[in-house]
Structures are given as C-alpha cells and as structure tokens.
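Reviewing the structure listed below.
Everything numeric here is computed off the predicted structure, so don't read it as measured data.
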Amino acid sequence: MQTAAITNLAQRTGIRFLNVDNAAAARLKKSYPVYDSCIIAAGTYPGQEEDVSTVGVKAVLLASDSVSAEVVKKMTLYTGLYLRARLKR
C-alpha cells in the first residue's frame with residue numbers, strides 16, 4: 001500500500017529502497033511477530049523501478065480527527081498491551 005509521506009519524499013528528494021533479505025526478515029519476524037514478509041511492487045513510488053522485498057505490519061490503527069486525544073491515547077495503550085500479551089505467548 002502506497003504511503004503519502006514516502007511518495008512526497010520520493011518526489012522531493014529521490015529515494016532508494018533496500019531489500020530486506022530472507023535471513024534478516026526471519027530474525028525480525030521472530031523478534032516481532034506482528035511483522036510479515038511483503039513486496040512493494042515496482043512503480044509504487046516515484047523512481048522505484050523494481051519490486052522491493054521487505055517486512056511490514058498487517059494492520060494500521062487509524063482514528064478520525066473528531067476522536068478525542070484521550071480516546072486515541074487509550075486505544076493505542078490498549079492495542080500495545082494486547083500486542084505485548086500476544087508476543088509473550
């Protein structure tokens with residue numbers, strides 16, 4: 001999934017993506033099970049002409065700007081606690 005911040009950066013300065021090799025991906029996934037191997041398809045970002053092997057997360061937590069800062073704080077706290085509990089299993 002394309003990210004606006006990375007697109008903007010690539011348009012302004014030009015960036016280069018580095019592949020995460022299988023061994024590094026395996027170590028990251030062992031330490032942080034929320035990661036999963038994924039591919040950033042060629043052409044996703046300006047100047048990116050080849051597929052990029054990397055790791056990413058399976059979900060992103062989003063909130064409307066109408067949600068109070070206190071509710072967002074509680075959501076992220078509870079989400080973090082849930083993920084830490086799952087990692088301990």
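- Side-chain contact check for Thr44 versus Phe17: every heavy-atom pair is 4.5 Å or farther apart.
- Counting heavy atoms from C-beta on, the side chains of Tyr32 and Val55 never come closer than 4.5 Å.
- Minimum interatomic distance between Ala23 and Asp21 (heavy atoms only, all atoms of both residues): N-OD1, 3.1 Å.
- Val20 is not listed as a side-chain neighbour of Ser53, based on a closest heavy-atom distance of 4.5 Å or more.
- The minimum heavy-atom distance between Val72 and Ala63, with the atom names listed, is CG2-CB, 3.9 Å.
- Here the side chain of Thr3 pairs no donor or acceptor atom with the backbone of Ile6 at under 3.5 angstrom.
- Counting only heavy atoms from C-beta outward, the side chains of Cys38 and Thr54 approach each other to under 4.5 Å.
- In the displayed structure, Gln2 atom CD is contacted under 6.0 Å by more than 12 heavy atoms of other residues, nucleotides or ligands.
- Within a 6.0 Å sphere centred on CD of Glu50, heavy atoms belonging to other residues, nucleotides or ligands number 12 at most.
- Sorted pairs that involve residues 51-77 and meet ring pair (Phe, Tyr, Trp, His ring centres under 6.0 Å), not counting sequence neighbours, are lacking altogether.
- No option in Ile15, Thr7, Asn8 other than Thr7 meets the side chain to side chain contact (heavy atoms under 4.5 Å, CB included) test with Pro46.
- A 4.5 Å side-chain heavy-atom check between Tyr45 and Ile40 finds at least one atom pair inside the cut-off.
- Counting only distance, with no hydrogens or angles, the side chain of Asp36 and the backbone of Gly56 share no donor-acceptor pair below 3.5 Å.
- Between Ser37 and Lys29, the shortest heavy-atom contact is OG-NZ, 2.8 Å.
- Of the inter-residue distances, the one linking Leu28 atom CG with Tyr35 atom OH reads 6.5 Å to the nearest 0.5 angstrom.
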